[in-house]
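Reading through the structure tokens given below for one structure.
Per chain, numbering begins at 1; letters A, B, ... match sequence-line order. Worth knowing before you read on, the calculation uses all heavy atoms, side chains too, and leaves out hydrogens, waters and symmetry mates. Not measured: the values here are computed from a predicted model.
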Amino acid sequence: MRLVTWNVNSLKARWERVEEWLVTCEPDVVCLQETKLADTAFPAMDFSALGYESAHHGEGRWNGVAILSRVGLDDVVSGFGDGEPADPEARLITATCGGVRVMSAYVPNGRALDNDHYRYKLAWLERLLAHLDAAADRSMPIAVCGDFNIAPTDQDVADPQSLVGATHGSGPERDALAKLLDWGLTDVFRDAYPNDEGLFSWWDYRSGNFHKGIGMRIDLILGSPGLADRVRWALIDRNARRGTRPSDHAPVVVELVDP
DNA sequence: ATGGTAGAGCATCTA
């Protein structure tokens, strides 16, 4: 099974790129973030024509997450399954695909360390932990995929100095991510390339950062033991960041062996 | 000292 996470930064603006990439890469399960669509505008029929069932959780203008699957798509949960009041933003969707409990997450950016949105980011990550207990069965392989807006370590940043006093690499964010790993998840891409630097999934559109190699690895696939043990290979498709009107994120791809 | 770009949507907000 081939599993992907990709922040497409507007599915409407990216449709042709996404369609072309799906046909070429042939993934089985795809987690999308930042569709920036309402559920009524989500192109489920177009994905169906490409062979994918889909589930989308969107609000319109911003955010929006989806899961595509050609190996089944069941038991969908939109948002958090913790019984608390609904998240005001559409940032999480969960489904079972091909025997794997899959989550597509778009973790809040945080904006700045003194911003309310940063506190929302930390609270959101705490809630994701509770959601794991509520919506995932530990006896099943689990894949928490998405744009975490956190570079796990300085190894995942071109210029760690640029993150001092900023979001994406602060202690509390990295601690929150560590709690997810402590729950029993593995960063399966880093597991495949433990010593490599310069492996990024996002590059700022500004200043030609992609071509300068200045980016961060913030798009992650966190797998439970039953998933992480099945990883045959992993890659980040930087070619998807080149050419006409690309997303600022590249897709992260993981190939799993059959159980 | 703060920009630079891209997307949504039409003034800015978000990233």
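Computed from coordinates, the Asn209(A) CG to dA15(B) C1' distance equals 13 Å when rounded to whole Å. Separating the CG atom of Asp248(A) from the C1' atom of dT14(B) is a distance of 11 Å, rounded to the nearest angstrom. A straight line from CG of Asn63(A) to C1' of dC13(B) spans 12 Å, rounded to a whole angstrom. Ile218(A) places its CD1 atom 10 Å from the C1' atom of dA15(B), with the value rounded to the nearest Å. In this structure, His117(A) atom NE2 and dC13(B) atom P are separated by 14 Å, rounded to whole Å. Put simply, CG on Asn149(A) is 14 Å from P on dT14(B), counting in whole angstrom units. For the pair Tyr118(A) OH and dA15(B) P, the interatomic distance rounds to 15 Å; values are reported in whole Å. In this structure, Phe148(A) places its CZ atom 17 Å from P of dA15(B), rounding to the nearest Å.
Ring geometry for Trp21(A) against Trp6(A) counts as tilted: the plane angle lies between 30° and 60°, on a 0 to 90° scale.
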Find every protein N or O atom lying less than 3.5 Å from an N or O atom of nucleotides 6-8 of chain B, and list the pairs.
from	atom 1	to	atom 2	distance (Å)
dG7(B)	OP1	Arg14(A)	NH1	3.0
dG7(B)	OP1	Arg14(A)	NH2	3.4
dG7(B)	O3'	Ser10(A)	OG	3.2
dA8(B)	OP1	Ser10(A)	OG	2.3

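Residue Arg241(A) is classed as having no contact, given no heavy-atom separation below 4.0 Å to the nucleic acid. Using a 4.0 Å heavy-atom distance criterion, Phe210(A) is classed as making no nucleic acid contact.
Proximity of a side-chain donor or acceptor of Arg111(A) to a complementary backbone N or O of His117(A) within less than 3.5 Å is not detected. Arg61(A) places no side-chain N or O within donor-acceptor distance of the main-chain N or O of Leu37(A), the cut-off being under 3.5 Å. In this structure a side-chain-to-backbone donor-acceptor pair under 3.5 Å is missing from Lys179(A) to Leu125(A).
Nucleotides dT14(B) and dG4(B), compared at atom C1', are 16 Å apart to the nearest Å. Remark: the separation of the C1' atoms in dA15(B) and dG3(B) is 15 Å, to the nearest Å. Nucleotides dG9(B) and dT5(B), compared at atom P, are 22 Å apart to the nearest Å. dA11(B) and dG7(B) have their C1' atoms separated by 15 Å, with the value rounded to a whole Å. Between the C1' atoms of dC10(B) and dA6(B), the separation comes to 16 Å (whole Å).
Mapped onto DNA chain B by nearest heavy atom, Asn7(A) and Ser207(A) fall at different nucleotides, with Ser207(A) at the one closer to the 5' end.
No hydrogens or angles considered: nothing links the side chains of Ser247(A) and Asn9(A) as a donor-acceptor pair under 3.5 Å.
Annotation for Phe200(A): hydrophobic cluster partners, listed by chain and number, are Trp203(A), Phe210(A) (ILVMFWY side-chain heavy atoms under 4.5 Å, direct or chained).
Pairs passing the side chain to side chain donor-acceptor pair (under 3.5 Å) check and including a residue from residues 65-75 of chain A, sequence neighbours excluded, read Asp28(A)-Arg70(A).
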